[in-house]
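Heads up: the structure comes next, in structure tokens.
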Amino acid sequence: MLYKDIYIDKPLDEIIPDWNYLDEKNIKKFFGFKDIGDNVCGIRTIERDDVVKPGQKSVPIALPAIRENYEIGPEGVVIVPRIPFSAHITRAGTPHRTQHVFGYWHINDKDEIIYTLPAIGEQPPQVIIIMGHPRNGETDRFAWYCDKCLTLLFMRESTDLATFWADELAAVRDYNADPANQICPTCGHKNPLGYSAMQPADRPEEREARLQW
Amino acid sequence: MVNLGYIPQERKIPAPDLSYMRLFEDGETGWQYRGQYAIWMGHSNDPAKKHTLLERIGNRVARIEDKQGKTVFHKIGNGMAFSIENLMGFWLSFDTDQLWLDVKDGDHAYAVLSVGGAAGKPGEAVVDWMCPKCGTSIAPASLKIEPLAFSSFLAKVNAWVEKFNTDQSMRICSGCGYAHPATAVMPLGKSATTPVQPTES
């Protein structure tokens with residue numbers, strides 16, 4: 001308490017607007033990815049065990065407890081555990097995907113830090129995602145690899161964070177539009193359709209794909 | 001087998017740095033500069049040793065904590081001077097944003113600081129002290145952070161702290177004449193959550 005003589009005695013809300021992003025009045029701003037300066041951030045609440053059913057009320061990006069997280073590394077596809085009270089850093093350039101949450105591999109030029117928080121008191125389990133704000137041509141990519149042999153099937157890029165979600169949905173729809181995109185040119189495997197992270201945008205066939213992978 | 005000199009035979013072939021995971025309670029690894037962020041984590045089950053974020057606003061100090069003990073996720077803006085109780089006895093500001101996570105779960109308190117996000121940052125920092133009587137900055141030093149040399153930067157910070165501790169004239173507040181006490185250097189490497197107490201001259 002070295003500074004007890006010069007502490008500010010006003011509530012933090014009065015001196016630092018939005019000082020706690022997890023506060024109820026702020027958290028809704030982080031349902032997608034919010035620009036917070038040098039970083040963009042998303043906060044996801046684990047609301048339910050399984051995938052949202054059509055017509056069920058939910059946040060746009062719903063994380064079911066049953067999901068698995070994957071990355072592609074030198075050894076192929078690996079499951080990345082989400083351990084309570086941990087930080088996982090997905091390095092730039094690493095294709096990564098969350099089962100039932102977004103139906104493509106996200107590859108970005110910025111690192112992502114993922115904090116996993118369990119339920120604490122009345123606070124539900126949460127996942128906080130931080131990544132550097134892409135600038136000056138730094139790119140987000142939406143890619144599909146063959147489920148059987150990891151051949152790259154299809155990829156679209158986005159270099160403007162402001163149009164990230166529009167670019168993401170357009171990439172999904174482009175991939176889904178032509179069945180030839182889903183056939184692996186190496187092994188002939190027929191891969192499932194893609195789907196957006198914004199589950200309210202799902203078409204019926206995309207919702208089927210969300211349940212599948 | 002002939003070694004042509006690019007990779008010493010006795011050493012493992014270098015591989016790219018891939019993704020990794022750390023538990024919040026694993027303070028043993030200290031500061032890590034991996035990829036695009038410098039990250040520090042602290043854990044305590046002793047309320048007296050909890051890591052609490054302080055921010056300097058003008059010549060006053062704000063304690064960044066939730067009074068009810070709820071989890072706090074907070075941005076320390078680029079250029080904001082901050083200190084962390086029970087980690088550092090001095091103040092730092094970086095030329096990039098930082099994100100602070102403060103989690104309390106029963107008797108356990110966890111804190112995570114991530115520094116970075118912008119390309120090529122952090123590239124510069126200011127270390128100083130703050131007069132606890134009038135809030136004046138004391139003994140500021142501007143330090144460059146060279147690419148991939150965050151650990152060298154931390155060593156430079158501690159060297160400045162040791163100089164501050166041994167040179168009493170540096171510790172006199174120019175605003176009110178108060179003599180700032182010597183302060184702990186920042187713990188580095190293993191057991192990096194327990195400050196090393198000063199040896200005052």
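Here is the naming used below: chain letters follow the sequence lines, and residue numbers restart at 1 for every chain. On a predicted model such as this, the values are computed, not experimentally measured, just so you know.
No close placement of the A/Tyr145 and A/Tyr70 rings is indicated, their centers lying 6.0 Å or farther apart. For B/Trp91 and A/Tyr3, the gap between ring centers is short of 6.0 Å.
With chain B as the partner, the residue from A/Arg135, A/His133, A/Gln126, A/Gln123 showing the most heavy-atom pairs under 4.5 Å is A/Gln123.
Counted by atom type alone, B/Tyr37 and A/Asn39 present one or more donor-acceptor pairs between their side chains at under 3.5 Å. Under 3.5 Å, the side chains of B/Asp167 and B/Ser169 contain a donor-acceptor pair of N or O atoms.
For a residue to count as touching a neighbouring chain, one of its non-hydrogen atoms must lie under 4.5 Å from one of that chain's; by this rule B/Glu65 touches chain A with the backbone only. Interface remark: A/Ala87 contributes backbone and side-chain atoms alike to the contact with chain B (heavy atom separation under 4.5 Å). Residue B/Val103 touches chain A through its side chain alone, counting heavy-atom pairs closer than 4.5 Å. Within the 4.5 angstrom heavy-atom criterion, no atom of B/Lys67 approaches chain A. In this structure, the portion of B/Ile39 lying under 4.5 Å from any heavy atom of chain A is its side chain and not its backbone. If you measure heavy-atom distances from A/Glu138 to chain B, the contacts under 4.5 Å come from the side chain alone. Heavy atoms of B/Tyr110 lying under 4.5 Å from chain A belong exclusively to its side chain. B/Asn59 touches chain A through its backbone: at least one of N, CA, C or O sits under 4.5 Å from a heavy atom, while the side chain does not. For A/Leu117, the part sitting under 4.5 Å from any heavy atom of chain B is the side chain, from C-beta outward, and nothing else.
Taking the ring axis of A/Phe33 as reference, the NZ or CZ atom of A/Arg44 stays within 45° of it and closer than 6.0 Å to the ring centre.
Crowding of B/Asp107 atom CG: a count of heavy atoms from other residues, nucleotides or ligands under 6.0 Å not exceeding 12.
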Item to check | CA sep, side-chain torsions, deciding dist, call: A/Asp18, A/Lys25, salt bridge (Lys or Arg N to Asp or Glu O under 4.0 Å) | outcome: CA-CA 8 Å; A/Asp18 302 339; A/Lys25 67 179 187 301; 5.3 Å; no
